[in-house]
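Each remark here refers to the structure printed beneath this line.
Residues take their numbers from the sequence shown, with the count starting at 1. What you are looking at is a predicted structure, and each value in this text was computed from that prediction instead of being measured.
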Amino acid sequence: MTEVKETAPHIIVIGNEKGGTGKSTIAMHLAIKLMQERYSVAVVDLDGRQGSLSKYVENRRKFCQDNHIVLPIPLHYRFEPVANYNDISQELKQLDDTIREISPKVDAIIMDTPGHKNYLFEAAHDYADTLITPITDSLVDLSAIANIDSSTGSLQSPGPYAEFVWEAKKHLATKGKAYLNWIVCGNKTSSLRSRNKAFVFEALEKLGKLYGFRFCEGLKDRVIYRELFLDGLTVLDMQTEPLKRKMSLSHLAAKLEIKNLAEFICP
């Protein structure tokens with residue numbers, strides 16, 4: 001029998017109005033980290049057409065079946081945009097019904113959003129207690145948060161995603177959520193020091209005070225994340241029973257990054 005929770009789950013939305021920032025990698029690693037801490041977790045893939053998070057969960061399930069082992073696997077739900085405009089309201093109702101159905105069963109719900117704005121992307125933010133926005137150390141990614149003069153470093157205007165989050169915050173306030181824990185974290189960033197990376201990170205530190213988010217450097221661009229995806233594994237699994245795999249320095253560094261990011265998100 002599934003345990004019924006007395007309190008509402010904490011809903012974590014992974015969102016950015018841009019693809020390719022590694023949202024699914026963060027979603028899966030955070031889910032496994034929470035499950036290893038003995039929290040019950042559900043993941044909701046709202047980018048079901050691409051389905052990166054869904055494939056991650058499916059790969060993990062298959063790996064466990066093929067190797068006859070047991071690893072923590074979150075509850076998994078998948079949504080993709082409907083082709084018919086008239087069906088949108090019905091799918092939004094189905095999403096809401098799903099959240100209501102699973103809420104008594106879990107401690108946390110992690111929602112992975114599309115890399116572009118659509119009705120599922122917008123709906124996810126309405127549920128958020130915590131919003132995590134992965135961003136690479138690219139000026140292109142930075143423009144989603146703010147338009148900055150690269151020669152002077154001065155702010156010109158908010159980016160489209162920052163404006164969207166501002167409107168989402170106001171909407172959440174009308175529903176009684178006075179505070180949105182918004183975190184912008186580096187992801188797939190270069191391990192090398194560069195002028196461009198320093199410029200982006202310094203800008204985000206300043207913008208956080210202005211736009212109301214906390215910034216952390218997050219995860220570097222590591223091949224191991226892509227390799228582990230094929231088996232549905234995370235760096236957090238490597239030394240747990242029943243795997244007990246040898247960890248390289250890169251694995252250890254990645255595990256520390258995940259630990260630091262999880263503690264920054266959920267102290």
Output the distance between atom [atom1] ([X]) and atom [atom2] ([Y]), rounded to the nearest 0.5 Å.
{"X": "Tyr161", "Y": "Asn16", "atom1": "OH", "atom2": "CG", "value": "6.0 Å"}
{"X": "Leu172", "Y": "Leu131", "atom1": "CG", "atom2": "CG", "value": "9.5 Å"}
{"X": "Leu53", "Y": "Met111", "atom1": "CG", "atom2": "CE", "value": "11.5 Å"}
{"X": "Arg245", "Y": "Met238", "atom1": "CZ", "atom2": "CE", "value": "5.0 Å"}
{"X": "Ile32", "Y": "Arg60", "atom1": "CD1", "atom2": "CZ", "value": "3.5 Å"}
{"X": "Lys255", "Y": "Gln239", "atom1": "NZ", "atom2": "CD", "value": "5.0 Å"}

Do the charged groups of [X] and [Y] touch, with an N to O distance under 4.0 Å?
{"X": "Lys259", "Y": "Glu263", "answer": "yes"}
{"X": "Lys177", "Y": "Asp126", "answer": "no"}
{"X": "Lys33", "Y": "Glu37", "answer": "yes"}

Side chain to side chain contact (heavy atoms under 4.5 Å, CB included) with [X]: which of [options]?
{"X": "Ile135", "options": "Ile145, Thr21, Thr189, Asn187", "value": "Ile145"}
{"X": "Lys93", "options": "Asp96, Asp97, Leu95", "value": "Asp97"}
{"X": "His171", "options": "Lys169, Lys175, Glu167", "value": "Lys175"}

>> What verdict does the side-chain contact (heavy atoms from CB on, under 4.5 Å) test give for His251 and Ser248, after you've listed the backbone C-alpha separation in whole Å, the side-chain angles of each residue and the deciding distance to 0.1 Å?
In response: CA-CA 5 Å; His251 281 100; Ser248 66; 2.8 Å; yes
Validation row: [X], [Y] side chains within 4.5 angstrom (heavy atoms):
{"X": "Val44", "Y": "Thr98", "value": "no"}
{"X": "Asp112", "Y": "Val43", "value": "no"}
{"X": "Pro114", "Y": "Glu80", "value": "no"}
{"X": "Val82", "Y": "Tyr119", "value": "yes"}
{"X": "Ile258", "Y": "Thr234", "value": "no"}
{"X": "Thr133", "Y": "Phe213", "value": "no"}
{"X": "Asn181", "Y": "Asp129", "value": "no"}
{"X": "Pro242", "Y": "Leu71", "value": "yes"}

> Between Val184 and Leu207, is a side-chain contact (heavy atoms from CB on, under 4.5 Å) present by the stated rule, with each step listed?
Replying inline: CA-CA 10 Å; Val184 175; Leu207 290 169; over 6 Å; no
Grouping I, L, V, M, F, W and Y whenever their side-chain heavy atoms are under 4.5 Å apart, do [X] and [Y] come out in a common cluster?
{"X": "Trp166", "Y": "Leu142", "result": "no"}
{"X": "Phe201", "Y": "Leu139", "result": "yes"}
{"X": "Leu252", "Y": "Leu261", "result": "yes"}

> Between the side chains of Asp137 and Ser190, is a donor N or O closer than 3.5 angstrom to an acceptor N or O?
Replying inline: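 Absent: no donor and acceptor within the cut-off.
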> With no hydrogens and no angle check, do the side chains of Asp237 and Thr240 hold a donor and an acceptor under 3.5 Å apart?
Replying inline: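 Short answer, no.
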> Parallel under 30°, tilted from 30 to 60°, perpendicular over 60°: which one fits the rings of Phe229 and Tyr56?
Replying inline: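 Aromatic pair Phe229/Tyr56 classed perpendicular.
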>> With side-chain contact (heavy atoms from CB on, under 4.5 Å) as the criterion, how do Val200 and Asn196 come out once you've worked through the C-alpha distance, each side chain's angles and the decisive distance to 0.1 Å?
In response: CA-CA 6 Å; Val200 171; Asn196 180 79; 4.3 Å; yes
>> If we ignore hydrogens and angles and just use 3.5 Å, is the side chain of Asp107 paired with the main-chain N or O of Tyr39 as donor and acceptor?
In response: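 Checked: no pair found.
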>> Could you check whether any side-chain N or O of Asn59 sits under 3.5 Å from a backbone N or O of Lys55, counting only pairs where one atom can act as donor and the other as acceptor?
In response: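 Present.
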> Should Phe63 and Leu230 be marked as a side-chain contact (heavy atoms from CB on, under 4.5 Å) after you check the CA-CA gap, both sets of side-chain angles, and the distance that decides it?
Replying inline: CA-CA 9 Å; Phe63 179 85; Leu230 296 176; over 6 Å; no
> Are His125 and Phe164 near enough that their ring centres are under 6.0 Å apart?
Replying inline: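 Yes, they do, as the ring centres are separated by less than 6.0 Å.
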